[in-house]
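Residue numbers begin at 1 in each chain, while the letters A, B, ... track the order of the sequences.
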Number of protein chains: 2
Amino acid sequence: MDESIGIRERTRGAMRGELADVALRLFEERGYDETPVDDIATAAGISPRTFYRYFGTKEDVLFGDLPPTSVDLPELLTEHLTRLGPWEALHQTLRNVSEQVQTQRDRWSRLLRVVNTSDSLRAGHLEQQMNLAQSLVPVLAPQLGEPAAWSTLRARVLVHTALTCFDTAFSHWAVHESDVEIVDAVDIAFTTFSESASQAP
Amino acid sequence: MDESIGIRERTRGAMRGELADVALRLFEERGYDETPVDDIATAAGISPRTFYRYFGTKEDVLFGDLPPTSVDLPELLTEHLTRLGPWEALHQTLRNVSEQVQTQRDRWSRLLRVVNTSDSLRAGHLEQQMNLAQSLVPVLAPQLGEPAAWSTLRARVLVHTALTCFDTAFSHWAVHESDVEIVDAVDIAFTTFSESASQAP
DNA sequence: GACTAATGTGGCAGAGTCTGCCAGATTCGA
DNA sequence: TCGAATCTGGCAGACTCTGCCACATTAGTC
C-alpha cells in the first residue's frame, strides 16, 4: 500500500510529540539545565541513546516542531513582496506566523517561561533566528536594488530587525500575557520605527 | 605598598592576554570546534584545570576582554540621550564603539573569521548582545514616555535593532574588509530605515 | 504463513566541556 | 624569615553528544 511508508513516519511523529510533552513538563518542574536527557528518556520509557535518534539535540525537543520552523517563511515573504514594500512585507509575514502561534497560546507561553530560566536556551533561541534570517535575506535583497553593493547589507538589517521586533513582541507578551494579544504586540513592535524612531528629544 | 593588590591582577591580566592570543591562533589554524581546551592549555604551558580559572568558558577566551564588553555602554548612551533622539543616540553610541574597534582592526577581523566557522560561537556572540541589550533598555525606556505601557516594548525593539545594525555592519565588514571602513558600514546600516524601510515596491 | 531486508532499539565506550575537591607549590605582607 | 593568602595541578565526576555493534521488530514479497 502507498501508506506503508507513511505509517513509520506517523509513529515517529507521535513519539516526537510525546517526547516533547514529557520534556516540557519536566523542564517546567525542575528547570531546563537541571533536567538531564537521561531523565526525559526514562520518563518516556526509552533509552537515552534512542532519545538522540528522535532529537539530535536536547534543545530540539523544545524548538523542534514549532511554527517559526514549521512554516515556509521564504515562500510567504516572496508572496507578500508582490504586493507590499520590504518592511511591510516582513511585517505581514511575521504577523502571519504570530497568528498561527496564537492557536497554540498555551504551549507557547509555557515554552517561553521555560526558555527564560536558562541562558543557554536563550542563546539557542537566537541561533534559530539567525538561521531564519539567513533564509530570508536572499529573498529580500533583490528588492533593494539601488546601490547594489549595499543591498545585501540593507536586506540583512531589515530582516534581522523584523525578527527582533517579532521576538521582542513575544517576550513582552510572555510577561504581560493577560493584557495583550500576540498579534497586537507584534504590530506595535513593527510600527515603532515609523512613529518614534527619529523624534527629537 | 598600595600596588601590592595590583601586581597580582596585572599578572593575571597578562596571563589572560596570552591565553587569548594562543587560543585565537589555534582556532584560526584548526577551527574552534576542533580545538579542545586541553590543547590551548598545553600550548600555553598550563593545565586545563587552570585554564578554567582564567576563563570560565571556552567562549570567554574569545569574547572576554573586547570593546563591546569593555566599554560602559549605558553611560555612553545616557550621555548621548541628553542631546539626541532615541535612535540617533543609539546610533552614536554604537558608532563610538565601532570607532574604538577600528583601532583593533586586525584582532577583530581575525576573530570574526573564527566566529563564522562555528554555529555554537555565533550563538554565544548573540547571547552577549542580549546581555548588552538588557543593560540599555532601562536607560532608553524613560525617554519613550507616551503610552507608558508600551514604552518598554518600544525601547527593547529600538535597542535590539540598533545592536542588529551594529552586528550586521560588522559581519558585512568582515567579508568586504578591504572595500569598507567599519564606521561607514555602521552608518549605512543605521540609516537603512529612514531611507528604504517603508518604500512601496 | 515464512523469509529477507529495512528499520528501530539499547548498551558500551569515548570525546569534550565544565565543576568540586584536595594536596602541594608559590607568593605576599609582616 | 615565617605564617597566610593565593595559584596550581590532578582526580573524579556530571552532562551532552557520537560511533559502533548486536538484537529485536516490522514491512513487503513470494
A side-chain contact here means heavy atoms from C-beta on lying under 4.5 Å apart; do B:Leu140 and B:Leu90 qualify? yes
If we only count heavy atoms from C-beta on, is the B:Glu75 to B:Glu79 side-chain gap below 4.5 Å? no
Expressed in angstrom and rounded to an integer, what is the separation of A:Phe51 atom CZ from D:dT18 atom C1'? 15 Å
Using side-chain heavy atoms (C-beta onward) and a distance below 4.5 Å, is A:His176 in contact with B:Leu153? no
If you take any heavy atom closer than 4.0 Å to DNA chain C, which residues from residues 13-26 of chain A end up in contact? none
Between B:Gln104 and B:Arg110, is the side chain to side chain contact (heavy atoms under 4.5 Å, CB included) condition met? List the steps. CA-CA 10 Å; B:Gln104 302 182 28; B:Arg110 291 171 72 197; over 6 Å; no
Residues which pass side chain to side chain contact (heavy atoms under 4.5 Å, CB included) with A:Thr57, listed by chain and number, not counting sequence neighbours: A:Glu59, A:Asp60
A:Phe63 versus A:Val115: any side-chain heavy-atom pair under 4.5 Å? yes
Side chains of B:Arg113 and B:Thr117: do they bring a donor and an acceptor to under 3.5 Å? no
Smallest separation among heavy atoms of B:Leu144 and B:Ser151, with atom names: O-CB, 2.9 Å
Side chain to side chain, A:Asp21 and A:Arg107, heavy atoms closer than 4.5 Å: yes
Could you walk me through whether A:Ile46 and A:Leu19 pass side chain to side chain contact (heavy atoms under 4.5 Å, CB included), step by step? CA-CA 10 Å; A:Ile46 63 174; A:Leu19 275 178; 3.9 Å; yes
Go ahead and write out DNA chain D as dot-bracket, 5' to 3': ( ) for pairs within the strand, [ ] for ones crossing earlier pairs, | when the partner sits on another strand, dots for unpaired; Watson-Crick or G-U wobble, both distances under 3.5 Å. ||||||||||||||||||||||||||||||
Run the numbers on A:Arg25 and A:Glu29 for salt bridge (charged side-chain N to carboxylate O under 4.0 Å, His left out), then give the verdict. CA-CA 6 Å; A:Arg25 202 178 329 127; A:Glu29 291 168 8; 5.7 Å; no
Protein-nucleotides 5-8 of chain C N/O pairs closer than 3.5 Å?
{"from": "C:dT7", "atom 1": "O4'", "to": "A:Arg8", "atom 2": "NH1", "distance (Å)": "3.1"}

Step by step, work out the side chain to side chain contact (heavy atoms under 4.5 Å, CB included) result for A:Asp38 and A:Phe51. CA-CA 9 Å; A:Asp38 287 29; A:Phe51 173 92; over 6 Å; no
For B:Asn96 and B:His80, test the side chains for any donor-to-acceptor distance below 3.5 angstrom and give the result as yes or no. yes
On the 0 to 90° scale, with breaks at 30° and 60°, tag the B:Phe170-B:Trp108 ring pair as parallel, tilted or perpendicular. perpendicular
Nucleotides 13-15 of chain C: which of its N/O atoms have a protein N/O under 3.5 Å away?
none

Starting at atom OH of A:Tyr52, determine the distance to atom P of D:dC15, rounded to an integer number of angstrom. 11 Å
Closest heavy-atom pair, A:Val114 versus A:Leu24, reported as atoms and distance to 0.1 Å, is CG2-CD1, 3.9 Å
So if I take residues 28-46 of chain B and measure heavy-atom distances to DNA chain D, which residues fall below 4.0 Å? B:Ile46
Atom NZ of A:Lys58 to atom C1' of D:dC15: distance rounded to whole Å? 8 Å
